[in-house]
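Just so it is clear, the values below take in all heavy atoms, side chains as well, and ignore hydrogens, waters and symmetry mates. Proteins get letters first, then strands, A, B, ... in listed order; numbering begins at 1 in each.
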Amino acid sequence: MVTLSRKFSTTAVPNPKLSQPQPQNTTTTQFFIPFSQLQQRKPLESRLVSILDGCTHLTQIKQVHAHILRKGLDQCCYCLTKLIRMLTKLDVPVHSYPRIVFHQVKYPNPFLWTALIRGYAVQGPFLESVVLYNRMRSEGTGPIHAQTILIGGFASDLFVGNTMIDMYVKCGFLECARKVFDEMPMRNVVSWTELIVAYAKSGDMGSAWELFRGLPVKDMVAWTAMVTGYAQNGKPREALECFERMQDAGVKTDEVTLVGVISACALLGATKYGNWVRGVAESYGFGPTENVVVGSALIDMYSKCGIVEDAYNIFEGMKERNVYSYSSMIVGFAMHGRAHAAMQLFHEMLKTEIRPNKRNHYACMVDLLGRAGRLEEALELIETMPIEPHGRWDDVSRLRKLVREKGLKKNPGCSWVESKEGVIHEFYAGDMTHPQYAEIKRALADLLDRLKAKGYQPNLGSVTYDISDDEKKLILMNHSEKLALAYGLLNTESTDAGCTIQIMKNLRICEDCHAFMCSASQVTGREIVVRDNMRFHHFRDGACSCDNFW
DNA sequence: CTAGGGTTAG
C-alpha cells in the first residue's frame, strides 16, 4: 500500500473553459496578462543556456556573455540567470561581476533575483541576501516580474503557468493565481495541487474540495494535500475520511501522507488509529526512528492522547532530532504539568546546535515556569534570553498564518470519544444525530438530577447570547463534551480496563462544563479526562488537576 | 526548473 516513489504523471489536459467564449469585463487585476500573448521558448536562448552550462572557466563564460550581448539578449533573464549561477559556481565574488550583470537588467525576474540571492547566501555577506530577498518580495514585485516572464515568453506554457500560480500564491494574490489557472490553455496535476494547497492554507477547504473534485487524475500528492489540508484546518474527521477514500481509490501512500494522518489523530486523540498508522510507517522503513517528521508528529500525537510515556519513548529512540522534535516533547511535558521534565529538556536542547524558535520558545517556557510557581527561574530565563537580530523571516510565516486565520470561520465546538473497539464518535454542540441520542439525552437528564442534589448549578454566565435562562440551560446541557461524557458512561463500565473516560475537544472547555465534569467524577466515581485545545484536565473525586486554572 | 509534511506562543 505504501511507496516511496516520487514519480508523478505530468500529463497535461486542455482547459475546457477556453473553448467557450471568454466572459468580458471580469475582475481583471492590474498585474495580469492573458495567456494568448504567450510565446514559446526560443531555441537560441535555450542553446546559449546549455552552452553556459558546460563552461568550466571564467574566460569561456565571458565569451558567451559577449555573444549574448551581440545577439541583443542583454535583457534576457533566462540566459543571464544561468550566467550568474555559473559565475557563482566558479567562486567569482557575487558582488563584482554577477552583481553588475544583474544591475544591467531592467526588469529582473524572480529567477534572476534568486540566482543573486543564492550567491550571497553561499558566499556572504549573508545580510545582503536577506536584504535582497525582502526587496524582491516587497510590494507587488513578484507579480510585476511575473509579467516580464510572460511577455518574454522564456518558457513553455505549462511551466510558466504553474510557476506563476506558485508566485501569486506566495505573494498573497490568491485571486490572481486562480485567474491564471482558469486561463491556462493546458494544465496538469501540479497546477491543480498548487491551488488546492493555497486554498487549504487560507482556510478555505470548500474551494479546495471543489477544485479537487474537478481534478481528472488525482495522484498521491493531490490526495495528500487534501488530507493535510483538513488536518491543518482542525477538521481531523474529514482528514481521516479523505485518507480512507484515498486508499479505496487505490492510490499509494507515502510518509508525507501518513504525517498528515498522524496529526489528524493527534487532534482527535485517536490513539488506536494512530498506533495503526505508526505500525504502517514502521513496516515501510520510515518509522519514528528513521524519519524525524514522522517521529515529531508521533510525539505530538501521543502527548495529545494523554500518553506522555510513549511520546518520550519515541523521542528517545529517534536517530535524528530537530527543533520540532524538541518542541513537541517539551510542550508535551508542559501539557501534562511536568514542568521539571520540560525544563530539563529545554536545557538539554540548548546544549545541542538546535536553536530554540526565537521568542516563542522562551515565551512558552516562561509561561510554564510561571504556571508552576517557579517565578525566579522564569525571571532568570528572561534575563539570559539572547535577543535575535533579524526577525524578518519570522514575519513571512506570521503573515501567512494571519491570512489563514482571516479566511477561517470560527469552528463549532466538537468533542470526540474513542469506543472500546477504536471507533471514533463525534459530537457537535446541540448535535442530535448520534444513533444513541435518545439514550444519551436520558442519561444526561439523570446525571443532571444527581449533580443538582450535590449542589451543582448551571453556570448561565457561560452563555453570552441574549436569550432566556431556560434556553441557556438547554444550550449548556447540549455542549459537545457533555454529550460525549454521557456516551462514555453509557458504553463503558467502571470495571473496564482503562476505565477512564477520555474526551477530546477542539475548543477550550467552558466553566460550566468544567464544574459539571468535576461534580460528575465525584457522583459517578469515574475518572474523567478532558483534553481541550490547551491542556489536559484530569477530573477525579470532584477535583480537577488544573486546580481550576486554565 | 513546477505541487503535498511535524510544534508552540498571543
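A donor N or O paired with an acceptor N or O is not found under 3.5 Å between the base of dT7(B) and the side-chain atoms of Ser328(A).
For Ser325(A) and Asn322(A), the side-chain atoms include at least one donor-acceptor pair closer than 3.5 Å. In summary, the side chains of Arg278(A) and Tyr302(A) do present a donor paired with an acceptor at a separation below 3.5 Å, with no hydrogens or angles considered.
With hydrogens and angles disregarded, a donor-acceptor distance shorter than 3.5 Å links the side chain of Arg187(A) to the backbone of Phe181(A). Within the 3.5 Å criterion, the main-chain N or O of Ser328(A) finds no donor-acceptor partner in the side chain of Asp300(A).
dG5(B) atom C1' lies 9 Å from atom CG of Asp254(A), rounded to whole Å. Between Phe212(A) atom CZ and dA3(B) atom C1' the separation is 13 Å, expressed in whole Å. Going from atom CE of Met335(A) over to atom P of dT8(B) covers 7 Å, rounded to whole Å. We find that CE of Met226(A) is positioned 19 Å from P of dA3(B), with the value rounded to whole Å. Atoms CG (Asp300(A)) and P (dG6(B)) sit 10 Å apart, rounded to a whole Å. Rounded to whole Å, the distance from CG on Asp219(A) to C1' on dT2(B) is 13 Å. Following rounding to the nearest Å, Ile165(A) (CD1) and dT2(B) (P) show an atom-to-atom distance of 15 Å. Ile196(A) has its CD1 atom 15 Å from the C1' atom of dT2(B), to the nearest Å.
For Ala297(A), taking side-chain heavy atoms from C-beta onward, the closest of the listed nucleotides dT2(B), dG5(B), dG6(B) is dG6(B). Closest to the Val189(A) side chain, of the nucleotides dT7(B), dG5(B), dA3(B), is dA3(B). Nearest to the side chain of Val331(A), among dT8(B), dA3(B), dG4(B), sits dT8(B). Between dT7(B), dG5(B), dA3(B), one nucleotide has an atom nearer to the side chain of Val259(A) than all others, and that is dG5(B). Side-chain proximity of Asn162(A) to the nucleotides dG4(B), dG6(B), dT2(B) is greatest for dT2(B). Checking dT2(B), dG4(B), dG6(B) against every side-chain atom of Val256(A), the shortest atom distance belongs to dG4(B).
Counting any heavy atom pair closer than 4.0 Å across all strands shown, Thr257(A) reaches a base atom. Counting any heavy atom pair closer than 4.0 Å across all strands shown, Val292(A) reaches a base atom. Note on Val293(A): a base of the nucleic acid sits closer than 4.0 angstrom, heavy atoms only.
For an aromatic pair to be called close, the ring centres must be under 6.0 Å apart, and Tyr326(A) with Phe346(A) fails this.
Of all the residues in residues 304-312 of chain A, Lys304(A) reach under 4.0 Å from DNA chain B with at least one non-hydrogen atom.
Residues Ser303(A) and Phe333(A) form no side-chain contact, since every pair of their non-hydrogen atoms from C-beta on lies 4.5 Å or further apart.
Put simply, Lys201(A) has a side-chain N or O that comes within less than 4.0 Å of OP1 or OP2 on dG5(B). For Gln232(A) and dG4(B), the shortest distance from a side-chain N or O to OP1 or OP2 is not below 4.0 Å.
Between His537(A) and His514(A), the ring-plane angle classifies as perpendicular under the 30° and 60° cut-offs. Ring orientation note: the planes of Tyr273(A) and Trp276(A) are nearly perpendicular, at an angle over 60° on the 30°/60° scale.
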